[in-house]
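Each remark here refers to the structure printed beneath this line.
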Amino acid sequence: MSSRRPPRSPRTARSPEVVARLERSRARSKQRRELACQRERAIHEAVKRYLAGWAAITACETTRDHEIAALRQQISDWGEGVEGSSEIGPSGLYCADRGVA
């Protein structure tokens with residue numbers, strides 16, 4: 001057999017205690033939903049900030065890596081053009097004032 005109650009007649013009034021309990025229960029449920037939504041929004045914003053920071057760091061690293069590659073290429077190009085020059089010492093460092101490294 002079913003343990004469900006038959007539908008309550010709309011004419012039957014609920015006791016004030018039952019009405020008050022239902023109102024408190026509804027208020028608590030609404031408050032819990034609102035708090036859950038606030039937590040969800042806070043988490044969403046934190047994830048957005050994290051991803052934005054990560055993207056900014058990645059962009060900086062990429063720029064740095066391109067600049068390093070360009071400087072290495074310049075050094076390589078410059079070194080090829082002056083091999084055997086007296087201005088480059090045995091350590092490979094340039095000494096403009098003495099011509100010796």
Can a donor-acceptor pair be found, under 3.5 Å and without considering hydrogens, that links the side chain of Ser25 to the backbone of Arg21? no
Got more than 12 heavy atoms from elsewhere within 6.0 Å of CD, Glu61? yes
Under the side chain to side chain donor-acceptor pair (under 3.5 Å) rule, collect the residues that match up with Ser15, sequence neighbours excluded. Glu17
Would you mind listing every salt bridge (Lys or Arg N to Asp or Glu O under 4.0 Å) that reaches into residues 28-51, with sequence neighbours excluded? Glu45-Lys48
All side chain to side chain contact (heavy atoms under 4.5 Å, CB included) counterparts of Leu22, not counting sequence neighbours: Arg14, Val18, Arg26
Cluster link Leu51 to Ile43, ILVMFWY, side chain under 4.5 Å: yes
Find the distance between CD1 (Ile57) and OG1 (Thr62) and round it off to the nearest 0.5 Å. 11.5 Å
So, using side chain to side chain contact (heavy atoms under 4.5 Å, CB included) as the criterion, who are the partners of Ile68 when residues are at least two apart? Arg64, Arg72
Set of side chain to side chain contact (heavy atoms under 4.5 Å, CB included) partners for Leu71, sequence neighbours left out: Gln74
Check side chain to side chain contact (heavy atoms under 4.5 Å, CB included) between Thr63 and all other residues, then give those that pass, not counting sequence neighbours. Glu67
